[in-house]
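Notes to accompany the following structure.
This is a predicted model, so every value here is computed, not measured. Just so we're on the same page: letters track the sequence lines, and every chain starts at 1.
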There are 2 protein chains.
Amino acid sequence: MAHSHIDACPGCEVPDLAFAAHDHAHCSADALARAEALVAEKGLRLTPVRRRVLEILLEEHRALGAYDVLTRLAAEGFGNQPPVAYRALDFLEEQGLAHRIRRLNAFTACMHPGEAHAPAFLICRGCNVVAEAPAAPVMAALQVAAGQSGFVIERSTIEALGLCPNCQVAA
Amino acid sequence: MAHSHIDACPGCEVPDLAFAAHDHAHCSADALARAEALVAEKGLRLTPVRRRVLEILLEEHRALGAYDVLTRLAAEGFGNQPPVAYRALDFLEEQGLAHRIRRLNAFTACMHPGEAHAPAFLICRGCNVVAEAPAAPVMAALQVAAGQSGFVIERSTIEALGLCPNCQVAA
DNA sequence: CTTGACATGTTATATTATAACATTTATACC
DNA sequence: GGTATAAATGTTATAATATAACATGTCAAG
Ligand SMILES: [Zn+2]
Ligand SMILES: [Zn+2]
Ligand SMILES: [Zn+2]
Ligand SMILES: [Zn+2]
């Protein structure tokens, strides 16, 4: 690889910078490479459909609906029925390579697959960009709130809707 | 009212106790009374459908799908088409009398309407109970995470899926 | 009592998601 | 290589969730 990914890497290691101008080709290529490594390591297969769906999601810091993905797949000669898209998306989500954004009924690529992370998302209603934010403190606070009633958290959904810096200026 | 609601009131003022045995008739009656007061104060109308939908949601600490609500309404002589349920649910949500649980595509009554609160939800996958948890610290942490990238939060979704104390024992 | 705003009823359709089964493709073993 | 096995994909059909658009009804103000 061209450089260390332990260090800051706009739009990739510091995903909040999804809102800022950055070398997105790098984001995308890097996430794909990590995904391939991760899947190989687990003895799983990043088949053509799965890989293509991931590439499509990686094109932008946005979330795509399953049917948007399906349209793209169909145009490229893959199956054109919903399960084709849903199965690939489900696989990617299970492997932590994509995330479901519940507020949007849509999916977005994970920009740092392999790193243990409980994701929190910032969704801009102006430009539709979706960014992953550092969620450890948020999760910790949620654990505390849950723990007070003896509730054990298994999965959590943390999504914030609002305006990114650019879109605040525009408004 | 029978007692002060500033003090602790299981299942109502301390909604995490939705998981515990409590006087739920009290929960329900109190939330409904508050809702009526709140709506009157705003010069809005808690019409028969809206009121009935709220009552239905208040029956249990669970979330109901719009079509579940619709079935109930239809059986009681209200309209039997989706907009009847969705409009009432949307009204209740806008007025803070009900909350949408995105993970479940369902709606749950707010157990302390009128109090300013950014809701966080604990969803038990064993018994399907949904509890509101104190979310201020969670929101604060999320604000910090968002603020670092200049993102301004307008609305947020915080939902945790897991097991309540009872269901942990059962498992 | 009429007007205007709000609420409800109704028809139709859009959007999102899954069940069930057939077919193909890749892997494991001989 | 050739078969058994598992995994993935394709396909048909349908379920579940949600909204657009317009007609009708209700209510309170003037
Ligand atoms: Zn990028
Ligand atoms: Zn934006
Ligand atoms: Zn209760
Ligand atoms: Zn439970």
Side-chain angles (χ1 to χ4, degrees), chain A residues 35-36 39-57 62-95 97-108 123 128 157 159, chain B residues 35-36 39-40 42-57 62-95 97-108 128 157 159:
Chain A
E36 281 174 335
V39 159
E41 186 181 316
K42 291 188 195 174
L44 301 173
R45 294 162 55 205
L46 194 61
T47 60
V49 211
R50 291 169 177 175
R51 187 193 159 99
R52 190 67 194 113
V53 170
L54 181 54
E55 288 172 353
I56 289 170
L57 293 181
R62 294 195 162 77
L64 285 180
Y67 282 76
D68 297 327
V69 170
L70 180 58
T71 301
R72 296 282 304 270
L73 290 177
E76 297 176 17
F78 293 98
N80 66 345
Q81 298 304 314
V84 173
Y86 280 103
R87 281 196 290 235
L89 289 165
D90 290 348
F91 171 86
L92 294 174
E93 194 184 12
E94 275 158 22
Q95 301 313 317
L97 306 179
H99 300 292
R100 182 187 287 249
I101 307 298
R102 305 209 92 107
R103 181 175 284 270
L104 303 177
N105 290 324
F107 301 81
T108 194
I123 306 165
N128 297 122
T157 300
E159 298 172 359
Chain B
E36 282 174 336
V39 159
K42 291 188 195 173
L44 301 173
R45 295 163 52 202
L46 195 61
T47 61
V49 212
R50 291 169 178 174
R51 187 191 161 99
R52 191 67 194 115
V53 169
L54 182 54
E55 287 172 354
I56 289 169
L57 292 182
R62 293 196 162 77
L64 285 181
Y67 282 77
D68 297 326
V69 171
L70 180 59
T71 301
R72 296 283 302 273
L73 290 177
E76 297 175 18
F78 293 98
N80 68 344
Q81 297 305 313
V84 172
Y86 281 103
R87 282 195 289 234
L89 289 165
D90 290 348
F91 171 86
L92 294 174
E93 195 185 11
E94 276 158 21
Q95 303 313 318
L97 306 179
H99 300 292
R100 181 188 288 251
I101 307 298
R102 305 209 90 108
R103 179 175 286 270
L104 303 177
N105 290 326
F107 300 81
T108 193
N128 297 121
T157 301
E159 298 173 359

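End-to-end axis angle for the helix from C:dC1-D:dG30 to C:dC30-D:dG1, using five pairs per end and rounding to 10°, comes out at 30°.
B:Arg103 is linked by a side-chain hydrogen bond (donor to acceptor under 3.5 Å, both in side chains) to A:Thr157, counting only residues two or more places apart in sequence or in another chain. Looking at residues two or more places apart in sequence or on another chain, you find a side-chain hydrogen bond (donor to acceptor under 3.5 Å, both in side chains) between A:Arg62 and A:Glu60. With sequence neighbours left out, B:Val84 forms a side chain to side chain contact (heavy atoms under 4.5 Å, CB included) with B:Val49, B:Leu70, B:Leu73. By the side chain to side chain contact (heavy atoms under 4.5 Å, CB included) test, A:Ala63 is found to be paired with A:Ile101, A:Leu104, A:Ala106, A:Thr108, A:Val130, residues two or more places apart in sequence or in another chain being considered.
Applying the side chain to side chain donor-acceptor pair (under 3.5 Å) definition to pairs two or more places apart or across chains, none involves residues 78-93 of chain A. The side chain to side chain donor-acceptor pair (under 3.5 Å) pairs that include a residue from residues 64-79 of chain A are A:Arg52-A:Glu76, A:Glu59-A:Arg72, where partners are two or more places apart or lie in different chains.
Contacts between chain B and DNA chain C, taken as any atom within less than 4.0 angstrom of a protein heavy atom, begin and end at C:dA7 to C:dT11.
Listed by residue number, there are no residues of residues 97-107 of chain A with a heavy-atom contact under 4.0 Å to DNA chain D. Residues of residues 81-93 of chain A having a heavy atom closer than 4.0 Å to DNA chain D, listed by number: A:Gln81, A:Pro83, A:Val84, A:Arg87.
Panel note: side chain B:Arg50, backbone B:Arg45; a donor-acceptor pair is recorded below 3.5 Å. In this structure, the side chain of A:Glu159 does not engage the main chain of A:Ile123 through any donor-acceptor pair within 3.5 Å.
Atoms CZ (A:Phe78) and C1' (D:dA8) sit 13 Å apart, rounded to a whole Å.
Considering CG of B:Asn128 and CG of B:Leu64, their distance stands at 10.5 Å, rounded to 0.5 Å.
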Would you list the protein and nucleotides 24-30 of chain D atom pairs, both N or O, that sit under 3.5 Å from each other?
none

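Tested against A:Leu54 for a side-chain contact (heavy atoms from CB on, under 4.5 Å), the candidates A:Leu89, A:Leu92, A:Val39 yield a single pass: A:Leu92.
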